[in-house]
Amino acid sequence: MASSSSHFFIKHAFFHILLTLTISTPYAIGCYTAIFGFGDSLTDTGNSVHLSNSTEPPHYALPPNGETYFHHPTGRSCDGRLIIDFIAQNLGLPLVPPYFGGSNAGGAADFENGVNFAVVGAPALDDSFFEEKGIPNSYINISLRCQLSWFKDLLPSLCFTSSDCSKFLQNSLFILGEFGGNDYTRSFSAGKSLEEVESYVPLVVDAIASATNELIELGVETIMVPGLLPPGCSAAVLTTYRTSDMEAYDPTTGCLTWLNKFAEYHNEHLQIELNRNSRTTSLCFTKGALTACCGAGELPYHFNSSAPCGYPPSFAFDDPFLYVNWDGPHLTEAAYRLITKSLLEGPYTIPHINTSCVSTIVSAEYPNFG
Ligand SMILES: *[C@@H]1O[C@H](CO)[C@@H](O)[C@H](O)[C@H]1NC(C)=O
Ligand SMILES: *[C@@H]1O[C@H](CO)[C@@H](O)[C@H](O)[C@H]1NC(C)=O
Ligand SMILES: *[C@@H]1O[C@H](CO)[C@@H](O)[C@H](O)[C@H]1NC(C)=O
Ligand SMILES: *[C@@H]1O[C@H](CO)[C@@H](O)[C@H](O)[C@H]1NC(C)=O
């Protein structure tokens, strides 16, 4: 069960990260000269540790955090590198420094290759929202809007003329998230019902979409917007919501079904909103990750194992390239193609595949590749 569960987790995490990626300009990977990070503990590379006033250090400031790569705690909630670190390394850029607590904290010279504003526990929504709903804030009070304002304050020290700034922003990769996880975790912890928390999803998604719009208006061209990882597979969540009701668990993965459905609900909304707002997107699976293009049964899944693709009464929708899922267990060519592209061109796959070994095979297979 452990291995099938982690396979499920990785597969889903990967798709959500890919699927919500917004690219408004087909900049070649390798052209980026700076990375700007926003988010929570999935992205924080040291801000929270610095901002913490507690006499007791946060647990991620202590070993064995950091043991695998850095060999000491760095403030990352991880044994080693985060996605933003791997992306930086794959782009040939230095690790993105945290905004707070660097050797020259606040010095723009440190930030010419970008900076990371992410803070552990950061929600998408402002604190006022939680206050209004009577949801206690047990974390540092730093929302997406707050991180964005730090960026806007910093920008004038990174570029000077308008053409200078426009070029700088065009050549920068923005990683906006994941956001939303803390909004929902806080709300569930405060005893809010599933129905109630579902009603927050449009607000959370709107906050994320508004932030992407603000960045686009500033001249940013590439923003990566990760979706939620499947929370029902997290050991923390599985522990918190442990139940003797075996029906609550996915029998193959052991994950909590209702929570993963909730995350999918968020991710679907996010994807719809980003597709609506982005000027162009090269990852245009508008039919989502969840609906089988070819199958039988009701939406959103359109899957019935008794009527698999090819057997009546199954049928295929038009335009399979708009779908990730082909027949339930398998993906569409468009999805496989995209994954192959990202495997080869990065930066989403670690370790990076040696392209000199595979590029000829792939270009033969896909003459219009890229
Ligand atoms: C930490 O202390 C500073 C200075 O006293 C204060 O401005 C800040 O709000 C505090 N941060 C937290 C998270 O309590
Ligand atoms: C959270 O931050 C907002 C905006 O920075 C501020 O108005 C609010 O008072 C803060 N709330 C708490 C509990 O610190
Ligand atoms: C699945 O397909 C079979 C065969 O067509 C059918 O008998 C069954 O009712 C379907 N199940 C659902 C849930 O649609
Ligand atoms: C990649 O493969 C090529 C051809 O086999 C080889 O010469 C090169 O050393 C490999 N690069 C790495 C980083 O392994």
Side-chain angles (χ1 to χ4, degrees), residues 1-20 180 184 188 192-202 204-205 227-234 237-238 240-276 283-339:
M1 182 174 283
S3 79
S4 82
S5 164
S6 68
H7 179 70
F8 172 89
F9 183 86
I10 288 162
K11 198 174 96 179
H12 283 255
F14 187 57
F15 288 135
H16 288 317
I17 286 166
L18 276 174
L19 287 170
T20 54
Y184 304 134
F188 284 127
K192 298 293 180 190
S193 69
L194 179 60
E195 291 71 26
E196 166 94 18
V197 182
E198 266 175 359
S199 75
Y200 306 162
V201 169
V204 168
V205 165
L228 294 182
L229 303 180
C233 302
S234 122
V237 164
L238 285 161
T240 306
Y241 295 100
R242 177 170 294 181
T243 167
S244 54
D245 174 13
M246 290 320 287
E247 304 255 299
Y249 296 94
D250 182 307
T252 14
T253 62
C255 299
L256 276 167
T257 309
W258 68 273
L259 266 162
N260 283 350
K261 287 212 164 123
F262 176 81
E264 284 164 8
Y265 181 74
H266 165 95
N267 289 339
E268 281 181 355
H269 274 252
L270 182 60
Q271 228 177 295
I272 290 165
E273 196 59 33
L274 292 178
N275 281 339
R276 183 182 297 151
L283 304 173
C284 201
F285 293 109
T286 55
K287 301 297 180 183
L290 304 175
T291 302
C293 179
C294 179
E298 285 173 8
L299 290 175
Y301 303 118
H302 190 228
F303 178 73
N304 176 344
S305 59
S306 304
C309 179
Y311 282 100
S314 80
F315 65 94
F317 292 115
D318 291 341
D319 300 332
F321 61 87
L322 296 177
Y323 295 77
V324 171
N325 194 300
W326 172 239
D327 63 359
H330 306 110
L331 307 187
T332 58
E333 189 206 55
Y336 284 138
R337 178 177 168 151
L338 176 64
I339 291 164

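Whatever order the structure lists ligands and atoms in, that order sets their numbers, starting from 1. Not measured: the values here are computed from a predicted model.
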Contact atoms of ligand 3, heavy-atom distance to Asn304 under 4.0 Å: 1 (C), 2 (O), 3 (C), 8 (C), 10 (C), 11 (N), 12 (C), 14 (O)
Check: Phe262 ring centre within less than 6.0 Å of Phe188 ring centre: yes
Is_contact(atom 14 (O) of ligand 3), protein non-hydrogen, under 4.0 Å: yes
Mode of Pro313 contact toward ligand 3 - side chain, backbone, both, neither (heavy atoms, under 4.0 Å): side chain
Test item: Tyr249 and Leu256 side chains (from C-beta on) under 4.5 Å apart, heavy atoms: yes
Heavy-atom protein contact below 4.0 Å for atom 9 (O) of ligand 3: no
Residue Tyr311 excluded, over 12 heavy atoms near OH under 6.0 Å: no
Plane angle bin for Phe317 and His302 - parallel if under 30°, tilted between 30 and 60°, otherwise perpendicular: tilted
